[in-house]
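First up is the structure itself, then whatever we jot down about it.
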Amino acid sequence: MLDLSKTLPTMRSAGARSSGPARAFEASFALVNVDTSGRVIFADPKFCALLGLGGGDDPAGRAFRDVAPGTALPGAGPVPAGFASILTDAEGREHSVAWTFTGPNGFVGLIATDASADARSAFTLDELTGLPNRAALIPAFGAMLERGSMPDTAHVAACLDLDRFKRVNDSLGHAAGDELLRKVAKRLSGSIRPSDVVLRMGGDEFTILFANCRPELVESLATRIIDVISRSFVVHGHQVSVGTSVGLAILQPGETDVADLLRRADVALYQSKNAGRGRFSWFEEGMLAALNERRLLETELRKALLLDQFELAYQAQFDFGTDSVSGFEALIRWRHPVRGLVSPAAFIPIAEETREILKIGAWVLEQACRMAMTWPAGITVAVNVSPVQFEAEGFVESVRAALTASGLPPTRLELELTESVLLTNDDLVIERMHALRDLGVRLSLDDFGTGYSSLNYLRKYPFNKVKIDQSFVREPFADENAHHIVTAVAGLGASMGMTVIAEGVETEEQLDRIRGQGCSAAQGYLLSRPIPAADIATYLAASSTRER
Ligand code: C2E
Ligand code: MG
Ligand code: MG
């Protein structure tokens, strides 16, 4: 029969050396042996217990797929790289199965079965979530090292934190933030194997240690975590959505410093966030250079306001009803002494992360209102508002202040919000939108069609205008889906008295098409590129001549 000491040397020695807190983590494996035709040759008592098979119910001789329905077997030969197999136990918990091909004896499947609750009790716990805390990191890491290594697996650290957590905390208060963290901790614990440890490092930061895990399985667990955390939570009666990004790093052979391991996972986390959040990344050497570059940009961005490096360009919005320019959208530019003109797409996300956007956004508002006062009455100015800015305390006040300082009638100011504003705390969002509408300010939903974009948003939130994203305008006419969406939004918008404007119109053909689809206004390079403030008077004069 199978010689375990040859197949799995490290597993056996690991247990023998364990002591102290590590003992609680001592690897305890359930074992099953399946022949190449898929029949169980042998199952140990732990395996039977896991599946709730009673004393007389020896699975030997039965088909594995009947014993453990849904658990994948590797096939007929050596286990393919990337093969992942999950076993669901009698209580519905999922465990990963590490399969090893042994030749004539078929496959041996090992399932780590440590009782995580017992294991956790050996560590100092975080009072809020009940998870092991930062002080438990060293012992948990030590325990992982003591388990030794298994073939085709690695010890992996994951760093993660919550996207938009601060927004929940700011808008619903700390007690709600605490409740959210407890719920997140619960979902995290439920998403990993019992042999993995999740620790709360502080704030909304968590670390997971995956002991002896195939990298492919780590990836599928990371994907699962991202998925479960992105589902909405009910906190203090409010429905809130956060998300998470994950950074992963592999423990190198001989490496014993957990701080180094976590630093790499942290850099990978940074990369995940930069790449757009809601994803995982493995650490790669090149990321360090990228991180330094980013830090430099953050520092320079902090100084840019003082150094007067920002300016606004204005892009005309054209109304089909009056056949004339109805307003301009203010678009920020960063004139950097070395990098040249930096696009907002490159620096706004950084400014949001560092919250520098609060100061920058206030500057844009003031500047744009003041500029609009120099235009003919009736011409509006649209200002883009970041979600961070919208949710910050005192936003409504800052809008009022910009209006008062410039003397601009509120009806000439339009605030462009993106859908991500609508995804956090509904009550606060709706209340704030109404406060702005009460001021007399107009609200517009920017980039419609790029996110979850539900037509329901148009009913639920008090918008005056919806901006159909450029991607829809540029879809070839043949794309029926885009056509139907634009027509539906235009129809619904019109029936609710909203302006429906199409963005990114570059050709006459696109202009004709969106007009035919029922849009009431257009914006795009065809009508005007974003132009400097100084050119607006000339542009308006020229366009009114054209109209005549
Ligand atoms: P957005 O608000 O959707 O603005 C439209 C973007 O599309 C602008 O890019 C504009 O220059 C570009 N665009 C307009 N017409 C056309 C066209 O016909 N073809 C093409 N290819 N592009 C067109 P820009 O200025 O680079 O701004 C990008 C985004 O940065 C904006 O998207 C907005 O979300 C953000 N942004 C710009 N200014 C500010 C600001 O002051 N505050 C905040 N929070 N975000 C800003
Ligand atoms: Mg916009
Ligand atoms: Mg847009």
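Keep in mind the model is a prediction, meaning the values are calculated, not measured. Values reported hereafter were calculated over all heavy atoms of this structure, with side chains retained and with hydrogens, waters and symmetry mates removed. Each ligand, and each atom within it, is numbered from 1 in the order the structure gives.
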### Summary
of all protein heavy atoms, closest to atom 3 (O) of ligand 1 is D447 OD1, 3.0 Å

### Query
Atom CG of L297 and atom CZ of R302: how far apart are they, to the nearest 0.5 Å?
11.0 Å

### Query
With a 4.0 Å cut-off, strictly under, does atom 21 (N) of ligand 1 pick up any protein heavy atom?
yes

### Per atom 34 (O) of ligand 1, closest listed option by heavy atom (N384, L526, V342, T450)
N384

### Task
Could you check T354 against E298 for side chain to side chain donor-acceptor pair (under 3.5 Å), going step by step and ending with a plain yes or no?
CA-CA 8 Å; T354 60; E298 281 175 14; over 6 Å; no

### Query
Which is it for V505 and ligand 1 at heavy atoms under 4.0 Å: side chain, backbone, both or neither?
backbone

### Task
Specify the protein heavy atom at minimum distance from atom 5 (C) of ligand 1: its residue, its atom name, and the distance to 0.1 Å.
E503 OE1, 3.7 Å

### Query
Checking R515 against F320: charged group under 6.0 Å from the ring centre and within 45 degrees of the axis?
yes

### Query
OG1 of T223 to CD of E219: how many Å apart, nearest 0.5 Å?
7.0 Å

### Task
Indicate if the distance from the Mg ion (ligand 2) to the nearest N, O or S atom of N384 falls below 2.8 Å.
yes

### Atoms of ligand 1, numbered as shown, that sit under 4.0 Å from any heavy atom of V364
41 (O)

### Message
the Mg ion (ligand 2) and E329: any N/O/S contact shorter than 2.8 Å?
### Response
yes

### Task
Give the contacting part of K467 toward ligand 1: side chain, backbone, both or neither, where contact means a heavy-atom distance below 4.0 Å.
neither

### Query
Any protein heavy atom sitting closer than 4.0 Å to atom 11 (O) of ligand 1?
yes

### Query
Strictly under 2.8 Å, is any N, O or S atom of E503 next to the Mg ion (ligand 3)?
yes

### Message
Which of the numbered atoms in ligand 1 are under 4.0 angstrom from any heavy atom belonging to E506?
### Response
17 (C), 18 (O), 19 (N), 20 (C), 21 (N)

### Message
For the residue pair T380 / E414, report whether a side-chain donor-acceptor contact shorter than 3.5 Å exists.
### Response
no

#### Entry: Test item: side-chain donor near acceptor, Q517 and H483, under 3.5 Å
yes

### Query
If you measure from each heavy atom of P530 to ligand 1, is any distance below 4.0 Å?
yes

### Message
Any heavy atom of Q510 closer to ligand 1 than 4.0 angstrom?
### Response
no

#### Entry: Closest candidate by heavy atom, reference atom 28 (C) of ligand 1, pool A502, P344, P387
P344

### Task
For atom 15 (N) of ligand 1, find the nearest protein heavy atom and state the residue, atom name and distance (0.1 Å precision).
Q315 NE2, 2.9 Å

### Task
Would you sort out whether R164 and E391 count as a salt bridge (charged side-chain N to carboxylate O under 4.0 Å, His left out), showing the intermediate values?
CA-CA 11 Å; R164 299 191 289 271; E391 281 154 23; over 6 Å; no

### Summary
the protein heavy atom lying closest to atom 31 (C) of ligand 1 turns out to be L331 CD2, 4.3 Å

#### Entry: Considering only N, O or S atoms of E416, the one closest to the Mg ion (ligand 2)
OE1

### Message
Taking backbone and side chain together, does D446 place any N/O/S atom at a distance below 2.8 Å from the Mg ion (ligand 3)?
### Response
yes

### Query
Nearest to atom 18 (O) of ligand 1, what protein heavy atom do you find, and at what distance?
Y525 N, 2.8 Å

#### Entry: Atom NZ of K359 with >12 non-hydrogen neighbours under 6.0 angstrom
no

### Task
Assign the ring pair W363 / F310 to parallel, tilted or perpendicular, where the plane angle (0 to 90°) is split at 30° and 60°.
tilted

### Summary
Logged contact type for R529 with ligand 1, heavy-atom cut-off 4.0 Å, is neither

### Query
For D446 and ligand 1, does the shortest N/O to N/O distance drop below 3.5 Å?
yes

### Message
Quick check with a 6.0 Å cut-off and a 45 degree axis cone: is R339 positioned over the face of F347's six-membered ring?
### Response
no

### Task
Under the salt bridge (charged side-chain N to carboxylate O under 4.0 Å, His left out) rule, what do K303 and E300 come out as? Steps first, then yes or no, please.
CA-CA 5 Å; K303 294 189 240 157; E300 291 178 335; over 6 Å; no

### Task
Classify the side-chain pair T129/D126 by whether it contains a donor and acceptor separated by less than 3.5 Å.
yes

### Query
Would one find an N or O of Q389, backbone or side chain, under 3.5 Å from an N or O of ligand 1?
no

### For G524, atoms of ligand 1 separated by under 4.0 Å from a heavy atom
15 (N), 18 (O)

### Task
Indicate yes or no: at least one non-hydrogen side-chain atom of V218 is less than 4.5 angstrom from one of F280.
no

### Query
If you measure from each non-hydrogen atom of R333 to ligand 1, which part falls under 4.0 Å: side chain, backbone, both or neither?
side chain

### Task
Would you please say whether a donor-acceptor pair under 3.5 Å links the side chains of E329 and Q315?
no

### Query
Can you check whether S343 has an N/O within less than 3.5 Å of an N/O in ligand 1?
no

### ligand 1 N/O within reach of I332 N/O, cut-off under 3.5 Å
yes

#### Entry: Min side-chain heavy-atom separation Y525-P530 under 4.5 Å
yes

### Task
Kindly check if the number of other-residue, nucleotide or ligand heavy atoms within 6.0 Å of CD (E293) is above 12?
yes

### Message
I'd like the atom name of the N/O/S atom in D447 lying closest to the Mg ion (ligand 3).
### Response
OD1

### Task
Decide yes or no on salt bridge (charged side-chain N to carboxylate O under 4.0 Å, His left out) for R264 and D260, but give the supporting numbers first.
CA-CA 6 Å; R264 291 200 303 277; D260 275 348; 5.6 Å; no

### Summary
Min over Q470, Q367, E416 of heavy-atom distance to atom 13 (N) of ligand 1 lands on Q470

